[in-house]
Amino acid sequence: MILPNLCYIGGGGEIAYWLELKSFFEAVGVTFPILLIRNSVLLATAKQSGKADKLQLTWKDLFMKQQALENKKIHELSEFPIDFTQQKEFLAAQFVHLESIAESTDKSFMGAVKAQAAKQTKGLENLEKRLLKAQKKAYQDELDRIKTLQNELFPFGGLQERTANFAEFYLEYGNILIKTLMSRLEPLEQRFEVIIF
């Protein structure tokens with residue numbers, strides 16, 4: 001008999017795979033191991049770090065989904081608010097008043113008021129989306145620089161470790177890479193480390 005593992009340490013993908021097997025372990029009466037996600041590393045150059053600084057991006061920003069990061073930056077860069085929440089709230093208040101009038105009339109009028117409220121709210125949401133799209137066009141150069149940087153750090157929208165080979169970094173930095181990794185990483189700390197060379 002092979003004794004079950006006490007603990008399995010792996011990356012996000014491996015942990016997800018183990019979680020898929022949990023019910024199987026229970027069905028055959030084998031102890032399911034403790035799962036511990038290992039820490040991960042993003043290796044960046046000083047040039048990439050400088051680009052992030054010029055674009056006023058934090059490392060937390062760079063870990064965002066590209067679309068979400070674009071929207072965040074557009075809201076920051078825009079000279080006027082793109083969020084129509086205030087207008088939607090004002091519109092909703094107007095329709096609450098109309099609904100109170102409609103309650104004392106025919107039911108069909110209440111339906112018309114609710115339909116109009118939905119239509120106008122949807123109209124404001126569409127205008128908000130179009131304004132965001134227009135602002136993206138206005139700031140396209142900056143967004144392109146952000147996308148380029150993010151694509152360098154996260155190839156194909158995934159973690160660097162999934163596509164880049166350790167050997168290419170070792171060829172670039174030599175033994176200093178290993179020394180740096182050993183000094184910066186604590187395998188059981190479960191954190192994502194950004195190391196800049």
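Numbering starts at 1 and runs along the sequence shown.
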Taking Arg38 first and then Glu161, would you say they form a salt bridge - that is, a charged N and a carboxylate O separated by under 4.0 Å? yes
Around atom CZ of Phe192, are there more than 12 heavy atoms from other residues, nucleotides or ligands closer than 6.0 Å? yes
Residues forming a salt bridge (charged side-chain N to carboxylate O under 4.0 Å, His left out) with Arg184, sequence neighbours excluded: Glu193
Side chain to side chain contact (heavy atoms under 4.5 Å, CB included) partners for Leu91, two or more places apart: Phe95, Gln120, Thr121, Leu124
Once you round to the nearest 0.5 Å, how far does CD of Gln48 lie from OG1 of Thr45? 3.5 Å
Does Gln66 have any side-chain hydrogen bond (donor to acceptor under 3.5 Å, both in side chains) partners at least two apart in sequence or in another chain, and if so, which? Gln150, Asn151
Among pairs that include at least one residue of residues 109-162, which meet ring pair (Phe, Tyr, Trp, His ring centres under 6.0 Å), considering only residues two or more places apart or in two chains? Phe63-Phe154
Could you check if a side-chain atom of Gln116 sits within less than 4.5 angstrom of a side-chain atom of Lys119, using non-hydrogen atoms only? yes
How close do Lys136 and Asn71 get, heavy atom to heavy atom, and via which atoms? NZ-OD1, 2.9 Å
Please table the atom pairs, donor to acceptor, closer than 3.5 Å between any side-chain atom in residues 96-105 and protein atoms at least two apart or in another chain.
residue : atom : partner : partner atom : Å
Ser100  : OG   : His97   : O            : 2.5
Ser104  : OG   : Ile101  : O            : 2.8
Thr105  : OG1  : Ala102  : O            : 2.9

Going by the side-chain hydrogen bond (donor to acceptor under 3.5 Å, both in side chains) test, which pairs reach into residues 72-87, not counting sequence neighbours? Asp61-Lys72, Lys72-Glu76, Lys73-Glu76, Ser78-Gln135, Asp83-Thr85
Report yes if some heavy atom in the side chain of Asp144 is under 4.5 Å from a heavy atom in the side chain of Gln140; otherwise report no. yes
Between Ser49 and Ile196 the two heavy atoms that sit nearest each other are OG-CD1, 3.6 Å
What residues join Tyr170 in its hydrophobic cluster, counting side-chain heavy atom gaps under 4.5 Å, either direct or through other members? Val41, Leu43, Phe166, Phe169, Tyr173, Ile176, Leu177, Ile178, Leu181, Met182, Leu185, Ile195, Phe197
Got a list of side-chain donor-acceptor pairs under 3.5 Å for residues 10-22, not counting sequence neighbours?
residue : atom : partner : partner atom : Å
Glu14   : OE1  : Gly11   : N            : 2.8
Lys22   : NZ   : Glu26   : OE2          : 3.3

Would you mind listing the cluster partners of Leu188? Hydrophobic ones only (ILVMFWY), side-chain contacts under 4.5 Å, chaining allowed. Ile9, Leu36
Which pairs pass side-chain hydrogen bond (donor to acceptor under 3.5 Å, both in side chains) with one or both residues in residues 123-134, sequence neighbours excluded? Lys88-Glu128
Shortest non-hydrogen contact between Leu69 and Leu62, atoms and distance: CD2-CA, 4.5 Å
On a heavy-atom basis, the closest approach of Leu153 and Ala44 is CD2-CB, 3.9 Å
Test of understanding: with salt bridge (charged side-chain N to carboxylate O under 4.0 Å, His left out), list the residues that count as partners of Glu142, not counting sequence neighbours. none
Taking side chain to side chain contact (heavy atoms under 4.5 Å, CB included) as the definition, give me every residue that meets it alongside Leu171, ordered by chain and number, with sequence neighbours left out. none
Just to verify, which of Phe24, Tyr8, Phe25 counts as forming a ring pair (Phe, Tyr, Trp, His ring centres under 6.0 Å) with Phe32? Phe25
